[in-house]
Amino acid sequence: MDDKTLNKGIDKVSDIIVKSKRIVVFTGAGVSTESGIPDFRSPGGLWDKYNPDDFLYQRFLSSEVSREKYWKMNSELYYILVDARINKAHYAIVELERMGKLDCVITQNIDNLHQKAGLSDDKVIELHGTNMWVNCLNCKKRYSREDIQFRLEKGIKVPYCDDCGGILKPATISFGQPMPFEETKEAERRSRLADLFIVIGSSLVVQPAAMMPLYAREGGAKLVIINMENTPYDRNADVVLYGKAGEIMEELVGKVKDILQFQKK
Ligand code: APR
């Protein structure tokens, strides 16, 4: 997208944001790549390095070898996630909250960066769970991910529950694992109530998460997509801004602030 078209698009979206009162922001891994966390489907992304089939929920449950592969990948990503610093896109979303315009963030990400940036837990709906905790799938005992990392670094290949010996898994949602019922229901409800739905950094190819923009449209919301590449929903969008989330979001919120300042005079 050339600069002139992008700037025109940013002007259009900033006008829409000024007029909006219930903005739902929907984020994918692309909002965190500028924090050093690889996404999944871009060239060099996680699914280039690891085979997603190895991480199907049923395989994780049924085979210790799969659990070992899973924990090896999760352990390799641990410090990338823990050390990741929030970026301009995360900040800009918090600014929307400060303006009283953000209804909530619906995220597919497990990195806790929206909360690290300053959004309260009740403003973030984590559709695919979080990597901050580890649960026993049998007795539901909860462990911090740090505790389990300590065990992995001491040589444990597959951790099991201290109390019941059950299988431990990070509180994330793997392919084939049931979606969190309450979060999914609430995300649909909030999407339908939004007057503006902004997608940031998602390929919008994973269901049912990728239904949310459609629910928003059905509820009458305007749809804006900010992404480095095309998505299957671009033709449904009012505006599509192709480019880096951090730069675009920073520019957008800056323009919204200028308009609001001018209107106050
Ligand atoms: N700015 C804007 N867009 C970006 C940036 C960036 N800095 N970096 C990457 N992107 C875009 C990519 O072009 C891609 O279209 O973000 C999108 C990320 O898409 P995916 O890697 O598919 O990630 P996501 O949409 O979050 O995947 C959804 O799939 O594997 C599962 O559970 C996993 O939650 C994940 C789900």
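Since the model is a prediction, treat every value here as computed from it, not as a measurement. Counting starts at 1 for both ligands and their atoms, following the listed order.
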Which atoms of ligand 1 have any heavy atom of G201 under 4.0 Å away?
3 (N), 16 (O), 17 (C), 18 (C)

Note the single closest protein heavy atom to atom 19 (O) of ligand 1, along with its residue, its atom name and the distance in Å.
S203 N, 3.3 Å

Atoms in ligand 1 flagged as close to F175, the criterion being non-hydrogen separation under 4.0 Å
30 (O), 31 (C)

Heavy atom of A89, distance to ligand 1 below 4.0 Å:
no

Around atom CD of E76, are there more than 12 heavy atoms of other residues, nucleotides or ligands at under 6.0 Å?
yes

Which residue supplies the protein heavy atom nearest to atom 28 (C) of ligand 1, what is that atom called, and how far is it?
Q108 OE1, 3.2 Å

Does a donor on one side chain sit under 3.5 Å from an acceptor on the other, for N230 and Y242?
yes

Can you see whether S14 engages D11 through a side-chain donor-acceptor pair at a distance of less than 3.5 angstrom?
no

Working for side-chain contact (heavy atoms from CB on, under 4.5 Å), residues K88 and E247
CA-CA 7 Å; K88 292 187 285 192; E247 286 159 21; 4.2 Å; yes

Considering only heavy atoms of S42, which atoms of ligand 1 have at least one such atom less than 4.0 Å away?
12 (C), 13 (O)

Can you pull out the closest protein heavy atom to atom 25 (O) of ligand 1? Residue, atom name and distance to 0.1 Å, please.
S202 OG, 2.7 Å

Which protein non-hydrogen atom lies closest to atom 6 (C) of ligand 1, naming both residue and atom, and how far is it?
G30 O, 3.2 Å

Strictly under 4.0 Å, does any heavy atom of G45 approach an atom of ligand 1?
no

closest protein heavy atom to atom 14 (C) of ligand 1 is E229 OE2, 3.5 Å

Nearest non-hydrogen protein atom, atom 4 (C) of ligand 1:
M228 CG, 3.1 Å

Do you see a donor-acceptor pair shorter than 3.5 Å between the side chains of S144 and D147?
no

Heavy atom to atom 23 (O) of ligand 1, shortest distance: which of A29, G28, G246 holds it?
A29

Could you give me the CA-CA distance, side-chain angles and deciding distance for E188 and K185, then say whether salt bridge (Lys or Arg N to Asp or Glu O under 4.0 Å) is met?
CA-CA 5 Å; E188 176 175 348; K185 199 173 70 172; over 6 Å; no

Which residue owns the protein heavy atom closest to atom 27 (O) of ligand 1, what's the atom, and how far is it?
R41 NH1, 3.0 Å

Would you mind running through ligand 1 and noting each atom that sits below 4.0 Å from a heavy atom of V206?
28 (C), 29 (O), 36 (C)

Give the atom numbers and elements of ligand 1 that come within less than 4.0 Å of a heavy atom of E34.
1 (N), 6 (C), 7 (N)

Specify whether F175 and W47 have parallel, tilted or perpendicular ring planes, treating 30° as the upper limit for parallel and 60° as the lower limit for perpendicular.
tilted

Which word best sums up how the rings of W71 and F60 line up, parallel for under 30°, tilted for 30 to 60°, or perpendicular for over 60°?
tilted

Only heavy atoms of G243, strictly under 4.0 Å: list the atoms of ligand 1 that pass.
1 (N), 2 (C)

Identify the protein heavy atom lying closest to atom 1 (N) of ligand 1, giving its residue, its atom name and the separation to 0.1 Å.
A245 N, 2.8 Å

Under 4.0 Å to a heavy atom of K244 - the qualifying atoms of ligand 1, by number:
1 (N)

Using 4.0 Å as the upper bound for N to carboxylate O, is an ion pair formed by R151 and D162?
yes

Assess whether side-chain contact (heavy atoms from CB on, under 4.5 Å) is satisfied between I225 and Y233, documenting all intermediate values.
CA-CA 8 Å; I225 296 174; Y233 291 76; 3.9 Å; yes

Are the side chain of D39 and the backbone N or O of G45 linked by a donor-acceptor pair below 3.5 Å?
no

